[in-house]
Amino acid sequence: MAEPPQKKARMEDDHDGNKSDSNNQESDEQYNASQDMFANSMEEESVEDDWSGVPISALPRLNTTPSLPSQYPAPHPGPSHTVCVQLPVTSGLPRPHPHTLRDVWDGFHVRLPWSRENLYPVEDKSIKGKKVLRSRWELIIESLTKSKITSSLDLEEAILSYNTRYRGKQDWDFSALHTLFTEEFQPEETEAFFDNTLPGMVDILISSPNILTSPLPLLSAGSAHSITMSQQQVMVILINAFFCTFPRRNAKAGGSEFSSYPAINFNTLYGTCYRRPEAHMEKLKCLLCYFNRVVNSCPAGLITYSRKVVPARGVPTWSSSATTLPKLHMDSKGTIEVEGNGMLQADFANKFVGGGVLRSGLVQEEIRFTVCPELLASMLFTEVLGDREVLVVVGVEQFSKYEGYADSFKFAGRFSDTVGQDSSGRKETSLVAMDAIRFINSHDQFNTRNIDRELNKAFVAFQNRHLNTLQAVATGNWGCGAFGGDTRVKLIIQMMAAAEVGRDLVYFTFGDTSLVRDGGEMYNFLVREMVTVGELYRILRGFGKSGRDLEGKELFSWIYQQVGSSRVDDGDVIDAYEADTDSEKEDVTRADIEEEKPIEGRVSALGGEHSSEDLTDSDKWLNQQMDDMETKPTATNEIKEVKAGGFFAALDKMEKGELETKVTKVKENVCPVEASLGLSTEASGIPSSKAPVSRKAKEDKSIDSTPVKQSNGVSTGPTQSKVTDFFQAK
C-alpha cells in the first residue's frame with residue numbers, strides 16, 4: 001500500500017523486534033482458521049541475510065513501473081459479470097443498478113434480508129398459541145427503531161427479537177460486546193457510538209433496498225463469475241451482517257442450504273473468546289473503526305469480487321514444461337501488504353474464505369479481513385473453494401492500523417489508505433485467496449498428487465490471461481504453520497507456478513533468515529543451471545520416492561544432487577514413482593479429507609496420451625462451461641423435501657436452512673466440493689503435450705474461465721492502553 005501501516009509482528013517504525021506467536025494456531029472447528037504465515041519461520045537475524053535474489057526494485061509493480069498497465073479490465077455487465085452500479089461512474093457515490101429494487105429469492109442468489117419473500121413466523125397476539133407470517137424485514141426495522149438503543153444490552157435484545165430461536169444458544173452470547181463497551185471503552189466513547197455511529201448504521205440499514213437493488217448471484221462451485229459493487233453497497237452488506245439480518249445463514253447442519261458457504265452474520269463475534277480474549281477485543285475495535293468511518297464519510301469507489309475456475313485441461317502439463325524460472329526476491333523483514341503494495345497479494349486462505357475471522361481466528365487471512373473489512377462481504381456469496389478455484393478481489397481499502405499477530409494482535413488506530421484508483425474507480429490493490437492442503441502427516445506433501453494439487457492451485461491464483469505484462473506476486477509461507485506445509489517446498493512450488501504464468505515472485509519469509517539464505521542460493525543455482533519448470537517438477541516427483549528423509553532441507557540437497565549429476569532422467573524418476581504408488585495412503589481426519597482430495601484430471605505418471613473418455617464427469621462439466629461462457633452454469637441441487645409437521649414447521653425449518661436434502665454418500669477419494677454438485681471427481685488422466693512451451697506461450701495455452709471484468713485518522717495516544725479514540729465524544 002502506498003502509505004504503509006505500522007503493523008505485523010515487527011512494528012515498522014520502532015523496530016522493537018516483536019515476534020509473532022506461532023502457537024495457538026489450531027482451528028476451533030472445521031473451517032475456523034486460516035493458514036499461518038509466521039509459523040516455522042523465526043530464526044536468528046543477521047543483516048546480510050535480510051534479502052536474497054534480485055533487488056525488489058527490479059520487479060514490476062503498479063504505480064512504480066511506468067510501462068506496467070492496469071491489470072484488470074473495466075467492469076462490464078454480462079452473463080459472467082454482475083455489475084450493481086450504473087456505468088460509467090461519475091462524481092459522487094455511484095448510483096445503483098437497476099434504478100429500483102429487483103427482488104429475486106431463489107437458490108442461485110443471495111437471500112437478501114429485504115426480500116418480500118423473507119417471511120418469519122411470529123405469535124399471533126390476538127389468538128394465543130397461533131402463529132402468523134410476517135415480513136422479517138419489517139420486524140427487523142421495527143426492532144431497531146421502536147426505541148433508542150443506548151447500550152449493548154439494548155442492541156442484544158433488538159437483534160434477538162428477530163432471531164428468537166437462538167436465544168440462549170452458544171453462538172448468540174453477547175458477552176464480548178458487553179465487555180467492549182463497559183470495560184474497554186471509556187464512557188464517552190461508548191456514548192459517542194450509541195449516540196452517533198449506531199443510529200447512522202440503522203439509517204443506512206433502513207435504506208438497504210434503495211442502495212443495493214440488484215440480485216447478488218452466488219459464486220458457487222464450478223462457476224466463474226464476477227460481482228462489482230460500490231463501496232457503499234459493500235457497506236450495506238456489512239451493516240446487515242453486524243445486525244445479523246441475513247436469513248438462513250445460521251444453520252450449521254450438513255444438509256442446510258448454506259452449509260458450504262462461510263458464516264456471514266456477526267453473532268459469532270459477540271460472544272466470549274476464550275482462546276485469545278484480549279486480541280478478540282482488538283478485532284472488534286478494528287471493525288467498529290470501519291463502521292465509524294463509513295457512516296460519517298462513505299468511500300465512493302468500486303470493488304470487484306471474482307471466482308476463478310480453471311478446468312483440468314487448463315492447467316499445465318508440468319513434466320514437459322520448458323519454461324524457465326522467473327525473477328525472485330526473498331525478504332525476511334517485509335510484509336505482503338506493505339512492501340508488496342502494487343503487486344498481486346496472496347491471501348493464505350481457508351477453503352471457506354475468511355477462515356475464522358468471525359470467530360477467534362487471527363492469523364494472516366483473518367488479520368487482513370479485519371483491517372480491510374470489505375473483504376468480509378465475499379463470505380456472503382463465495383462457496384467453498386475447489387482444487388482449481390480461487391477468489392480474486394480488486395479494490396478493497398484498508399481502514400485500520402494494527403500491530404502484533406494472533407494473541408498479540410492490537411488495534412493501532414485508523415489507517416488512511418492512499419493507494420490510487422484505476423480508471424474504473426477501484427483501488428489498485430488486488431488480492432487472491434488461495435487455499436492450501438492441510439497436512440496431518442507432513443510426508444504427504446511429497447506425494448505427486450498433492451504436489452500437483454498445490455501447483456495447480458498456485459497456477460490458478462497467479463494467472464491473468466488479460467495481459468502479457470504482469471505485476472509481480474507478493475507471497476510467503478503459504479500453507480505452512482498450522483496447515484503443516486514445509487516452507488522450502490512451498491517456495492519451489494510457488495516459484496514454478498509463477499514461472500508458468502509469467503510473473504516474477506516476491507517471497508516474504510517473516511523473519512526466517514535461513515530460508516532467505518537457502519532459498520536465494522537455490523534460486524541462483526537453478527538460474528545458473530538453466531533448470532526448467534519441467535525438470536524441477538520431475539525432481540520433486542522423484543524425491544518423494546527417493547528413500548530420503550522427506551523434509552525441505554533434504555529436498556534442497558536432492559535438487560543439487562540431481563541437477564549436478566548430468567541432470568535428471570525423466571524415465572528414471574517416473575519408474576521410481578511408479579514402484580510404490582499404489583501403496584500410498586493418507587493419514588487424514590474426516591474433517592481434513594476435503595483438503596487432501598485427489599486432483600481431477602491429473603496427468604498420469606507415464607505422461608501418455610489420454611482420450612476424452614478418461615476425463616471425469618466433473619472435468620467434462622467444467623470444460624463445457626469454458627466452451628460456452630454465455631450459458632450460466634446449471635444448478636444441480638436437488639429439490640428440497642419438506643419434513644412432515646405442518647406448514648409453519650416447514651417454514652420455520654426453511655428460515656433456519658434446515659430442510660432435509662437427499663445427500664449421496666461421498667467416497668473419500670472424491671472431491672467433496674464437486675461431488676456436492678452431483679459430479680464424480682475421481683482422478684484421471686488428461687491429454688498432454690510433450691512439445692516444449694515458452695514462458696509467454698504458456699499464457700495463451702492456459703485457460704482461465706474468469707473474464708475478470710474487474711475489477712482523517714485519529715492515532716492512539718502513547719499512554720493510552722484501552723481507549724481507542726476513534727469515537728469522538730460530542
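In this chain, numbering begins with 1 at the start of the sequence shown. Predicted model, so just to flag it, every value in this text is computed and none were measured.
In this structure, K308 contributes its side chain and V432 its backbone to no donor-acceptor pair below 3.5 Å. Looking at S223, its side chain never comes within 3.5 Å of a backbone N or O of L219 through a donor-acceptor pair. For the pair D417 (side chain) and E397 (backbone), a donor-acceptor distance under 3.5 Å is absent. Between the side chain of S321 and the main chain of T323, a donor-acceptor pair closer than 3.5 Å is present. Judged purely by atom type and a 3.5 angstrom limit, E529 has no side-chain atom pairing as donor or acceptor with the backbone of F525. Looking at W318, its side chain never comes within 3.5 Å of a backbone N or O of I451 through a donor-acceptor pair. For the pair R538 (side chain) and S319 (backbone), a donor-acceptor distance under 3.5 Å is present. Judged by distance alone, with hydrogens and angles left aside, the side-chain atoms of N447 form no donor-acceptor pair with the main-chain N or O of R449 at under 3.5 Å. When atom types are taken as modelled, the side chain of N350 and the backbone of G355 share no donor-acceptor pair closer than 3.5 angstrom. For the pair D331 (side chain) and G334 (backbone), a donor-acceptor distance under 3.5 Å is present.
Distance check, rounded to the nearest 0.5 Å: CZ of R503 to CG of L344 gives 4.5 Å. Rounding to the nearest 0.5 angstrom, the gap separating the CG atom in D435 from the NZ atom in K457 is 3.5 Å. In this structure, OG1 on T532 lies 10.0 Å from CG on L526, to the nearest 0.5 angstrom. Within the model, atoms CZ of R95 and OG1 of T213 stand 12.0 Å from one another, a figure rounded to the nearest 0.5 Å. Summarising the geometry, atom CG belonging to L375 is positioned 4.5 Å from atom CZ belonging to F369; distances are rounded to the nearest 0.5 Å. Here the OG1 atom belonging to T382 is positioned 7.0 Å from the CD1 atom belonging to I227, to the nearest 0.5 angstrom.
Residues Q398 and E337 have side chains that never bring a donor and an acceptor to within less than 3.5 angstrom of each other. When only modelled atom types and interatomic distance are considered, S260 and E383 share a side-chain donor-acceptor pair under 3.5 Å.
Residues L515 and R488 meet the side-chain proximity criterion, which asks for heavy atoms closer than 4.5 Å. No side-chain heavy atom of T487 sits less than 4.5 Å from a side-chain heavy atom of T509. For the pair S70/E428, a side-chain contact is recorded, criterion being any heavy-atom separation below 4.5 Å from C-beta on. A 4.5 Å side-chain heavy-atom check between D387 and N456 finds every atom pair outside the cut-off. Between V531 and L325 the shortest side-chain heavy-atom distance does not fall below 4.5 Å. Counting only heavy atoms from C-beta outward, the side chains of L455 and E500 never approach each other to under 4.5 Å. Between I237 and M229 the shortest side-chain heavy-atom distance falls below 4.5 Å. By the 4.5 Å heavy-atom criterion applied to side chains, V392 and Y72 are counted as neighbours.
A tilted orientation is assigned to the rings of F510 and F508, their planes being inclined by 30° to 60°. Taking the six-membered ring where the residue is Trp, H329 and W51 present parallel rings, their angle staying beneath 30° rather than reaching 60°.
Tested against P217 for a side-chain contact (heavy atoms from CB on, under 4.5 Å), the candidates R307, H225, H81 yield a single pass: H225. Exactly one residue among S214, P96, S230, P75 makes a side-chain contact (heavy atoms from CB on, under 4.5 Å) with V85. That residue is S230.
Nearest approach of V309 to G222, heavy atoms of both residues: CG2-C, 4.0 Å. Heavy-atom minimum distance, A499 versus P326: CB-CD, 3.4 Å. Of all non-hydrogen atoms in A377 and V234, the two that sit nearest each other are CB-CG1, 3.9 Å. In plain terms, the two heavy atoms of L380 and Y261 that are nearest each other are O-CD2, 4.4 Å. Minimum heavy-atom separation, P262 to F352: N-CD2, 3.9 Å. Minimum interatomic distance between A224 and S80 (heavy atoms only, all atoms of both residues): O-CB, 3.9 Å.
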Going through the distances and angles, do D486 and F439 end up as a side-chain contact (heavy atoms from CB on, under 4.5 Å)? CA-CA 10 Å; D486 187 288; F439 294 108; over 6 Å; no
Between K490 and N477, is a side-chain contact (heavy atoms from CB on, under 4.5 Å) present by the stated rule, with each step listed? CA-CA 7 Å; K490 284 302 197 291; N477 301 333; over 6 Å; no
Residue pair I437, E454: steps toward the side-chain contact (heavy atoms from CB on, under 4.5 Å) verdict: CA-CA 7 Å; I437 299 174; E454 301 295 72; 3.4 Å; yes
Test side-chain contact (heavy atoms from CB on, under 4.5 Å) on V460 and E389; report intermediate values, then the result. CA-CA 7 Å; V460 176; E389 299 181 322; over 6 Å; no
Just do the salt bridge (charged side-chain N to carboxylate O under 4.0 Å, His left out) check on R388 and D452 with the steps written out, would you? CA-CA 11 Å; R388 297 183 304 276; D452 287 348; over 6 Å; no
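By the side-chain contact (heavy atoms from CB on, under 4.5 Å) test, L328 is found to be paired with M330, L491, M495, L505, Y507, Y523, residues two or more places apart in sequence or in another chain being considered. Among residues two or more places apart in sequence or in another chain, the side-chain contact (heavy atoms from CB on, under 4.5 Å) test is passed with Q421 by K427. With sequence neighbours excluded, the residues forming a side-chain contact (heavy atoms from CB on, under 4.5 Å) with L68 are P60, L62, T65, Q71, T469, Q471, listed by chain and number.
With ring centers used as reference points, Y305 lies under 6.0 Å from F381.
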